Amino acid sequence: MAKIFCIANQKGGVGKTTTAVNLAAGLARVDQRVLLVDLDPQGNATMGSGVDKRTLPLSVYDVLLESASVAEARARSELGGYDVLGANRELAGAEVELVDLERRDQRLKGALAAADADYDFVLIDCPPSLSMLTLNGLVSAHGVIVPMQCEYFALEGLTDLVNTIKQVHANLNADLKIIGLLRVMYDPRITLQSQVSEQLKQHFADKVFNSVIPRNVRLAEAPSYGQPGVVFDPASRGAQAYIEFAREMVARIATM
């Protein structure tokens, strides 16, 4: 059975898409079958996987409206070694169209259930806002991976996200929980980041992943080449950190 995880944080610019793309590529490197679902109308995870969002015959939009299955709409990230359920600007319209539909928050869950046997991991890249798209992701998932920078405002955003997860858990998805917090764009030379990192470990204990993703220019350059950082420069510190994180995820799931 596939394990389904949302990559979510209600604060923008914290490396959600970078984490989704590179974790997918990292898991593929350690022989896992992976589907990356892009739920952001900007389609950055799609493009970052080497899939052209402008030429997609079918996308996650069609899946949400039940006019296509996951098997029909998925594309292959040849370089990354995983499948992509891509997104483009059409997805922005899904917000409005879903409002009047039955089971509007369950559409993605049903579609992923039909493809369950094809994958070990399904990763969902959520938009930063709490929208109908994000809700579809959270209702589908077994857990949430929270990428966050070790900064003060990031702690405030984390509080909002934890409250959202509690509400979804109570009302829509009893399986949903925080799997772990991933420290990203980390620079140990900055005193504040070290202090916030320690606070996270004290407060959330084993919910903080051991893996830490350093601030790394090669990870930032990779999307402009349509490649995950893990593929673009496998020897870079950022790529190595994501592969290590993929191994940690596999090990953590084995104990769930």
Side-chain angles (χ1 to χ4, degrees), residues 1-8 16-95 97-98 103 105-127 132-143 145 222-223 226-231 242 246 249-250 253:
M1 188 179 82
K3 289 293 184 182
I4 305 171
F5 300 112
C6 282
I7 316 292
K16 287 189 301 298
T17 299
T18 299
T19 294
V21 168
N22 283 286
L23 177 56
L27 287 167
R29 287 285 176 102
V30 293
D31 300 321
Q32 302 296 304
R33 299 171 301 156
V34 184
L35 173 67
L36 174 60
V37 180
D38 191 350
L39 271 188
D40 193 328
Q42 294 181 83
N44 290 337
T46 305
M47 296 292 277
S49 299
V51 176
D52 191 345
K53 65 183 179 183
R54 295 160 297 196
T55 60
L56 285 174
L58 295 168
S59 69
V60 69
Y61 169 84
D62 301 286
V63 171
L64 289 171
L65 295 183
E66 296 183 344
S67 59
S69 67
V70 171
E72 291 167 336
R74 64 193 173 194
R76 186 71 176 169
S77 172
E78 297 297 344
L79 291 171
Y82 54 89
D83 288 345
V84 180
L85 189 53
N88 50 32
R89 289 180 182 174
E90 278 188 336
L91 188 56
E95 287 282 343
E97 294 178 59
L98 284 169
R103 302 178 295 103
D105 54 6
Q106 307 276 337
R107 293 299 181 103
L108 184 62
K109 181 176 182 177
L112 292 177
D116 183 73
D118 295 341
Y119 300 103
D120 301 307
F121 283 88
V122 176
L123 304 177
I124 303 173
D125 184 31
C126 292
M132 187 56 66
L133 295 173
T134 303
L135 197 57
N136 261 273
L138 293 174
V139 168
S140 306
H142 298 113
I145 298 167
Q227 298 179 24
V230 167
V231 175
Y242 272 115
M249 275 298 299
V250 172
I253 297 318

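Just so it is clear, the model here is predicted, and its values are computed rather than measured. FYI, the numbering just counts along the sequence from 1.
- Side-chain atoms of L108 and V139, non-hydrogen and from C-beta on, never get closer than 4.5 Å to each other.
- Taking all atoms of both residues into account, the shortest heavy-atom contact from D120 to Q32 is CB-OE1, 3.5 Å.
- Side chain of R33 to backbone of A117: a donor-acceptor contact under 3.5 angstrom is found.
- Contact record, S140 with I124: CB-CD1, 4.3 Å, taken as the closest heavy-atom pair.
- Distance check: I253 CD1 to H142 NE2 gives 9.5 Å after rounding to the nearest 0.5 Å.
- When every heavy atom of L56 is checked against every heavy atom of A87, the shortest pair comes out as CD1-N, 4.0 Å.
- Between L58 atom CG and L85 atom CG the span is 9.5 Å, to the nearest 0.5 Å.
- Of all non-hydrogen atoms in P228 and A25, the two that sit nearest each other are CB-CB, 3.8 Å.
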Can you list the steps and then say if T134 with L39 is a side chain to side chain contact (heavy atoms under 4.5 Å, CB included)?
CA-CA 7 Å; T134 303; L39 271 188; over 6 Å; no

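- Judged by distance alone, with hydrogens and angles left aside, the side-chain atoms of T46 form no donor-acceptor pair with the main-chain N or O of V51 at under 3.5 Å.
- When all heavy atoms are compared, the tightest approach of A111 to V70 is O-CG2, 3.5 Å.
- The backbone N or O of V230 lies less than 3.5 Å from a partner atom in the side chain of N22, making a donor-acceptor pair.
- Between the side chains of N44 and T17, not a single donor N or O lies within less than 3.5 Å of an accepting N or O.
- With values rounded to the nearest 0.5 angstrom, D116 atom CG is found 6.5 Å from I4 atom CD1.
- Atom CZ of R89 is surrounded by 12 or fewer heavy atoms from other residues, nucleotides or ligands within 6.0 Å.
- Here the side chain of D125 pairs no donor or acceptor atom with the backbone of D38 at under 3.5 angstrom.
- Between the side chain of N136 and the backbone N or O of R107 there is at least one donor-acceptor pair closer than 3.5 Å.
- In this structure, the side chain of R76 engages the main chain of G81 through a donor-acceptor pair within 3.5 Å.
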Would I145 and M249 satisfy side chain to side chain contact (heavy atoms under 4.5 Å, CB included), going step by step from the backbone distance to the final call?
CA-CA 10 Å; I145 298 167; M249 275 298 299; 3.8 Å; yes

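- Between F5 and F121, the ring planes are tilted. Angles from 30° to 60° get that label.
- Remark: side-chain polar atoms of K53 are paired, donor with acceptor, to backbone N or O of Q42 under 3.5 angstrom.
- A distance of 5.5 Å separates CD1 in I7 from CG in L23, rounded to the nearest 0.5 Å.
- A 4.5 Å side-chain heavy-atom check between M47 and R54 finds at least one atom pair inside the cut-off.
- Proximity of Y242 to T18: side-chain heavy atoms (C-beta onward) are separated by under 4.5 Å at one or more points.
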Given the rule in the side chain to side chain contact (heavy atoms under 4.5 Å, CB included) test, do L123 and Y82 qualify, once you have shown the distances and angles that lead to the verdict?
CA-CA 11 Å; L123 304 177; Y82 54 89; over 6 Å; no

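- The residues R74 and D118 are annotated as salt-bridged, a charged nitrogen and a carboxylate oxygen being separated by less than 4.0 angstrom.
- A28 approaches G80 most closely through the heavy-atom pair CB-O, 3.4 Å.
- For D62 (side chain) and S59 (main-chain N/O), a donor-acceptor pair under 3.5 Å exists by modelled atom type.
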Derivation and outcome, side chain to side chain contact (heavy atoms under 4.5 Å, CB included), residues L36 and S49:
CA-CA 9 Å; L36 174 60; S49 299; 3.6 Å; yes

